[in-house]
2 protein chains.
Amino acid sequence: MVTLKQLAKELNVSISTVSKALNNSEEIGEETVRRVKELAQLYNYRPNKVALSLKNNKTKTIGVIIPNILNRFLAKVLFGIEREASKHGYNIITCISNESLTKEKESLQLLANGSVDGFILSVAEESQIKNEVEHFRNTITQGLPIVMFDRVAHDVLCDKVIVDDFDSTYNATKSLIEEGRKHIVFISNIYDLSVGKLREHGYNKAIIENSNLQPTVIRIKKEDDHQQEIKSLFKKNKNIDGIIAADTSSSIIAINTAVNLGLKVPKQLSIIGFASKSESDLAMPKLTTIRQHAKDIGAIAAELLIKRIQNTGPTEDVKTKIVKTTLVKNESTL
Amino acid sequence: MVTLKQLAKELNVSISTVSKALNNSEEIGEETVRRVKELAQLYNYRPNKVALSLKNNKTKTIGVIIPNILNRFLAKVLFGIEREASKHGYNIITCISNESLTKEKESLQLLANGSVDGFILSVAEESQIKNEVEHFRNTITQGLPIVMFDRVAHDVLCDKVIVDDFDSTYNATKSLIEEGRKHIVFISNIYDLSVGKLREHGYNKAIIENSNLQPTVIRIKKEDDHQQEIKSLFKKNKNIDGIIAADTSSSIIAINTAVNLGLKVPKQLSIIGFASKSESDLAMPKLTTIRQHAKDIGAIAAELLIKRIQNTGPTEDVKTKIVKTTLVKNESTL
DNA sequence: ATGAAAGCGCTAACAT
DNA sequence: ATGTTAGCGCTTTCAT
């Protein structure tokens, strides 16, 4: 990489002259500017990012800590973050906490050494279960803003972007009730997470509001064989006619299992799950889905963070943005 | 963030004393070391990463450019890269090219300004189609090593990690032939990519080696309705008894469609596709898969790059590592 | 045992 | 119009 120093030497001028010329300073003579720019072009000069960061005490880099990149929703949010950040000239450093509290703490610590200007993160499962938030608070105290999305720690004071999880299952459940379904089951393999709980509550509320219905919640452990669990659910409860699934794979597997057992979907059984467009196409009939607008969530989070980073003024109050889900009717409901 | 300067001031010693004390230099007195370390601990001092990078001319950061983070295989590779990098104390800056040549060039340019010590990337679709490689060469010439994985540019001199794509479909096809299948079709929605072509060739070779069989290749465009395309394939060709799919969604949709049309899988029809464990469980019967060991690919790529970054010695010859796929028998084959 | 000073690449206030 | 200098935070060589 060429430096100002080298350019200056070759042109027989001072470093600051070169710097000013490249930054279109009025101070420098036309002819000099031309010569400098020509040589810079020739050598493909780029200002050293690290030197700029040190000088400005700004890295133009965002730290993103996500629990699991193989989760399609989270991957999609990351996509949204990257695109928005890139639009504003920011890079993203990605750390994967792998749902571990320790890794989450480490990543935060590691990047809070001047590597990034702020963080966007979704809380790891372990952290949510243990309800640990001190590491977030410490980071914020150190002057590094955090924006949390989806899985947030409600008692940490920072910007947040969340999904209307409660409402989404509440409404989805109600739509099945309106179809005339009488035995609606809720399936979840994320019952430990804040969002999983909210989704469960939304379902429960909708069911309980109809005094003649009974809530049934099936919790599937990650390590269990989903196909097996769902199959035995159907075998034990022959009268199930509706399913709300809190996660994608449960809903797709539910459709496949039902079809394989000879149940007519959606004639005898309606199924709704959280999934993206491409995922809903993997099921046949295509899954009626609750869309979370993951990319938007990422973009909003990035926007919030960048605003906060660049806002040198008085500390604004923290914001919580709610991104509403959309219920997209496909073939797995009436 | 506390700096050495602040610590030095508070302790009434010089900056260099503090620096040495923290780095366990023999030069500094026991008592001083103790005092310094105590205060550093108290203030939670961390050496400023940016300053270190500038000083050492090393960022301990890897630039990763992937075409699409919503592709599960690529996401998984990213996961592998992150884990391996993190093990060696490296961070990763992720850029998403979105299959666009322009974005790929920009990302490379943008990070080649001292932000990273090297790159790991998979070539964007557009770059592969247009066969553009100059930007890779430029980057390498600038002294930044590149490791390519999966979709590689064969005429760029750099380390590569690839999958034995040709062999994997060749072997998979042969296994269906050995099952006694007579009408084996190849389905692909990645026919434009280097890996897609190799997979197609592997299939063709296996078929052609059996003079009594005919190759049939179905290419599905990304924007088409996969379910519709595959359904009409089955309707037009009633005698299909084997499918090799080059991509995950084609294979899962093929199973669902077949089951919905009343075909017995695997009795009348065997299906093999590229997919991960969790994806193969989405189909019922579970998909027999070609596993690509994405995480390993990521880890190997990271390892290669880090070695090359740290190897100040004579330029070693570039390496191409081939990660062999595994054919995992599930329920969609005999 | 401790400190001063230079230098990594850059910008900007301050000379000339 | 051009140059000198200081400083961002750190390490390291060279005084003292």
Side-chain angles (χ1 to χ4, degrees), chain A residues 1-37 39-40 43-61 89 110-117 142-144 312, chain B residues 1-37 39-40 43-61 89 111-117 142-144:
Chain A
M1 283 203 17
V2 209
T3 65
L4 290 185
K5 202 178 182 179
Q6 291 164 276
L7 295 180
K9 194 175 171 192
E10 188 147 344
L11 291 163
N12 265 318
V13 294
S14 78
I15 294 176
S16 58
T17 303
V18 179
S19 172
K20 286 171 187 164
L22 290 173
N23 290 303
N24 296 312
S25 162
E26 296 297 318
E27 298 178 26
I28 306 297
E30 227 176 275
E31 167 65 7
T32 314
V33 170
R34 205 191 42 70
R35 281 177 58 225
V36 169
K37 286 199 171 173
L39 197 71
Y43 285 154
N44 192 27
Y45 168 81
R46 313 261 146 212
N48 184 304
K49 176 86 177 301
V50 175
L52 283 179
S53 298
L54 185 60
K55 179 87 185 138
N56 303 330
N57 200 22
K58 289 262 179 238
T59 60
K60 289 276 243 172
T61 304
L110 222 66
L111 296 183
N113 63 353
S115 296
V116 301
D117 295 340
Q142 274 180 57
L144 287 169
T312 49
Chain B
M1 284 203 16
V2 209
T3 65
L4 289 185
K5 202 178 182 178
Q6 291 165 277
L7 295 181
K9 194 175 172 193
E10 189 146 344
L11 289 163
N12 265 316
V13 295
S14 77
I15 294 177
S16 52
T17 302
V18 179
S19 172
K20 285 171 187 165
L22 290 173
N23 290 302
N24 296 311
S25 163
E26 296 297 316
E27 297 179 27
I28 306 298
E30 229 177 272
E31 167 65 7
T32 314
V33 170
R34 206 190 43 70
R35 281 177 58 223
V36 169
K37 287 199 171 172
L39 198 70
Y43 285 154
N44 192 27
Y45 168 81
R46 311 262 147 213
N48 183 304
K49 176 85 177 301
V50 175
L52 283 179
S53 298
L54 185 60
K55 180 85 186 142
N56 303 329
N57 201 21
K58 290 264 179 235
T59 59
K60 290 277 244 172
T61 304
L111 297 183
N113 64 353
S115 296
V116 302
D117 295 341
Q142 273 180 57
L144 287 168

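A, B, ... follow the sequence lines: proteins, then strands. Residue 1 opens every chain.
- Contacts between chain B and DNA chain C, taken as any atom within less than 4.0 angstrom of a protein heavy atom, begin and end at C:dA1 to C:dG9.
- Rounded to the nearest 0.5 Å, atoms CD (A:E26) and CG (A:N24) are 8.5 Å apart.
- For A:K20, the side chain to side chain donor-acceptor pair (under 3.5 Å) partners at least two apart in sequence or on another chain are A:E27.
- At the heavy-atom level, A:T32 lies under 4.0 Å from the strands shown only through sugar-phosphate atoms.
- Residue A:D117 forms a side chain to side chain donor-acceptor pair (under 3.5 Å) with just one option from A:N57, A:T59, A:T61, and that option is A:T59.
- Minimum interatomic distance between A:L4 and A:S19 (heavy atoms only, all atoms of both residues): CD1-CB, 3.8 Å.
- With hydrogens and angles ignored, the 3.5 Å screen pairs a side-chain donor or acceptor of A:N48 with a backbone N or O of A:V50.
- Going from atom CD1 of A:I28 over to atom P of D:dA1 covers 8 Å, rounded to whole Å.
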Residue pair A:N113, B:L52: steps toward the side chain to side chain contact (heavy atoms under 4.5 Å, CB included) verdict: CA-CA 11 Å; A:N113 63 353; B:L52 283 179; over 6 Å; no
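- Scored by the side-chain contact (heavy atoms from CB on, under 4.5 Å) test, B:L39 finds B:L7, B:E10, B:L11, B:L42, B:Y43 as partners (sequence neighbours excluded).
- Residues forming a side chain to side chain donor-acceptor pair (under 3.5 Å) with A:T17 (at least two apart in sequence, or on another chain): A:S14.
- Between B:Q6 atom CD and D:dG9 atom C1' there is a gap of 10 Å when expressed in whole angstrom units.
- For A:N57 and D:dG9, the CG to P distance is 6 Å, given to the nearest whole Å.
- Over its length, the helix from C:dA1-D:dT16 to C:dT16-D:dA1 turns its helix axis by 60°, as judged from the five terminal pairs at each end, rounded to 10°.
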Footprint string (nucleotides 11-16 of chain D, 5' to 3'): B base within contact, S backbone only, - free, heavy atoms under 4.0 Å: BBBB--
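- Using a 4.0 Å cut-off, some side-chain N or O of A:S14 falls inside it from OP1 or OP2 of D:dG3.
- Taking all atoms of both residues into account, the shortest heavy-atom contact from B:K49 to A:S115 is CG-OG, 3.3 Å.
- Across all strands shown, A:V50 has no heavy atoms under 4.0 Å from either base or sugar-phosphate atoms.
- Smallest separation of non-hydrogen atoms from B:L22 and B:A40: CD2-CB, 3.8 Å.
- The main-chain N or O of A:R46 is never found under 3.5 Å from a side-chain atom of A:N44 such that the two would form a donor-acceptor pair.
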